[in-house]
Amino acid sequence: MIYTLTCNPSIDYFLNVHDLNKGELNRAETVTLQPGGKGVNISRVMKRFGQDSVALGFTGGFTGEWITAFLNKEDIKTDFVQIDYDSRINVKLVGKEETEINAAGPRISNNNISKLIQTMERFIEGDLLVVAGSIHKGMQLSRIFQICKEKRIKLVVDAEAELLKQALFFQPYLIKPNQQELEDFFECSFSNMNDAIPYCRKLVNMGAKNVIFSMGSSGALYANKNALYKAYVPKGEVVNTIGAGDSMVAAFLTKIQLGYSRLAAFRFSVAAGSAAAYSEELCNKQSAFDLIGQVTVTKVEEDVN
């Protein structure tokens, strides 16, 4: 079974505003409510691909009830730990530019984390846990990572630099940083894909078994201990990049569960991420398949700078 863990799920309130004028009254052309959080997104996309999962995390209040009800309507199993505070609401302004206003979210107590650990008692060898999204500053998930190692649960981490640093010690099955996260992790900056190549290799040397790095329209990299590959994304008009990385993770894991090679799974993940970026919401199975023929993958030799 695949489990997704979203420590800070949300209701995402999308407002389509063609021309945003600061300091003035603006009217939204369309309004959409979606459950948010990277792990939640990954569960939703996997369901569209035909892969079941169980969504874990922490929810509370009327917003938490709404998130759970929405996922259940999509036939996604949930087992959230109930907390004493309302789950957050994030505002997404979509127009000529994307502007996000994300709330910090409720406090997660040690007791809440203990209840999550109790849930993990039913995990068995071969299960997969995807830890994705933001956590509160100073929040430690090392005990959860240790349980994964002890029970031989495959650990996937798609999160900010602080959480990646916690996870690498436990040799995660997959990590998927984007440009900002990779730059924050290594305290560096780069402007093209080639600049990121040595850092992806370093992540493998630091313990990650598989690394997928995404850099928007510039493409993506996949690295493991044996090789590193570069993918060129299909051409298209970017509509909404929110959830594109989550779609990549969902697509990769779905293909792996079906027995495909990691390289084939990477290629499909790039198609899925592109499909999400070229649509107004998360990708679906057909939109990803429509683009996969346009994804080109090449092996990167060791001497690329």
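Bear in mind the structure is a predicted one, so any value in this text is a computation, not a measurement. Along the sequence shown, residues are numbered consecutively beginning with 1. Side-chain atoms are counted along with the backbone in the values below, which use heavy atoms only and exclude waters and symmetry mates.
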Query raised in the report: Around Tyr85, counting heavy atoms of other residues, nucleotides and ligands shown, do more than 12 lie under 6.0 Å from its OH?
Result: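 Count not over threshold, so no.
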
Requested in this report: Please lay out, stage by stage, how Met215 and Leu182 fare under the test side chain to side chain contact (heavy atoms under 4.5 Å, CB included).
Outcome: CA-CA 10 Å; Met215 196 174 172; Leu182 194 63; over 6 Å; no

Query - Donor-acceptor under 3.5 Å (Gln171 side chain, Lys209 main chain) - result: no

Query raised in the report: How about Pro177 and Leu164: do any of their side-chain heavy atoms sit closer than 4.5 Å?
Result: yes

Query raised in the report: Distance from Leu15 atom CG to Glu29 atom CD, nearest 0.5 Å?
Result: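 Result: 11.0 Å between the selected atoms.
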
Query raised in the report: Hey, does Arg262 have a side-chain heavy atom less than 4.5 Å from the side chain of Phe252?
Result: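 Side chain of Phe252 against side chain of Arg262, heavy atoms only: contact under 4.5 Å found.
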
Query raised in the report: Are the charged groups of Arg48 and Glu281 less than 4.0 angstrom apart, N to O?
Result: yes

Query raised in the report: Relative to Phe169, does Lys149 satisfy both conditions: NZ or CZ under 6.0 angstrom from the six-membered ring centre, and within 45 degrees of the ring's axis?
Result: yes

Report task. Indicate yes or no for a side-chain donor-acceptor contact from Asp79 to the backbone of Leu56 under 3.5 Å, with no hydrogens or angles considered. Result -> no

Query raised in the report: Would you call the rings of Tyr199 and Phe186 parallel, tilted or perpendicular, where under 30° means parallel and over 60° means perpendicular?
Result: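 Rings of Tyr199 and Phe186: tilted, as their planes differ by 30° to 60°.
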
Query raised in the report: Are the side chain of Asn224 and the backbone of Leu228 linked by a donor-acceptor contact shorter than 3.5 Å?
Result: no

Query raised in the report: Does Lys47 pair with Asp75 as a salt bridge, N-O distance under 4.0 Å?
Result: yes

Query raised in the report: Where is the tightest heavy-atom contact between Cys283 and Val45, given as atom of each residue plus distance?
Result: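 Heavy atoms only, the tightest pair is SG-CG1, 4.0 Å.
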
Query raised in the report: Cut-off 3.5 Å, side chains only: do Ser53 and Thr4 have a donor facing an acceptor?
Result: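 Not at all, the side chains of Ser53 and Thr4 share no donor-acceptor pair under 3.5 Å.
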
Requested in this report: Measure the spacing between CZ of Phe58 and CG of Asp84 and express it to the nearest 0.5 Å.
Outcome: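 It comes to 12.5 Å.
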
Requested in this report: To the nearest 0.5 angstrom, please state how far the NZ atom of Lys92 sits from the CG atom of Asn102.
Outcome: 4.0 Å

Report task. Measure from NZ or CZ of Lys151 to the centre of the six-membered ring of Phe123 and say whether it is under 6.0 Å with the direction within 45° of the ring axis. Result -> no

Query raised in the report: Hey, is the main chain of Asn178 close enough, under 3.5 Å, to the side chain of Glu181 for a donor-acceptor pair?
Result: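 Such a contact is found between Glu181 side chain and Asn178 backbone.
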
Query raised in the report: Is the gap between the ring centers of Phe62 and Trp66 under 6.0 Å?
Result: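 When the ring centroids of Phe62 and Trp66 are compared, they turn out to be at least 6.0 Å apart.
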
Query raised in the report: Going by heavy atoms in the side chains, are Phe268 and Leu258 under 4.5 Å from each other?
Result: no

Query raised in the report: Are the side chain of Gln34 and the backbone of Phe14 linked by a donor-acceptor contact shorter than 3.5 Å?
Result: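 Checked: no pair found.
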
Query raised in the report: Parallel, tilted or perpendicular for Tyr222 and Tyr229, by the 30°/60° rule?
Result: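 Aromatic pair Tyr222/Tyr229 classed parallel.
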
**Report entry** Any side-chain heavy-atom pair of Ile67 and Ile11 under 4.5 Å
**Finding:** yes

Report summary line: Here the gap from Ile113 atom CD1 to Gln118 atom CD, rounded to the nearest 0.5 Å, amounts to 12.5 Å

Requested in this report: Give a yes-or-no answer on whether the side chains of Ser114 and Asn111 include a donor-acceptor pair shorter than 3.5 Å.
Outcome: no

**Report entry** Inter-residue atom distance Asn210.CG - Phe266.CZ, 0.5 Å rounding
**Finding:** 11.0 Å

Report task. Give a yes or no on this: more than 12 heavy atoms of other residues, nucleotides or ligands lie within 6.0 Å of atom CD of Glu74. Result -> yes

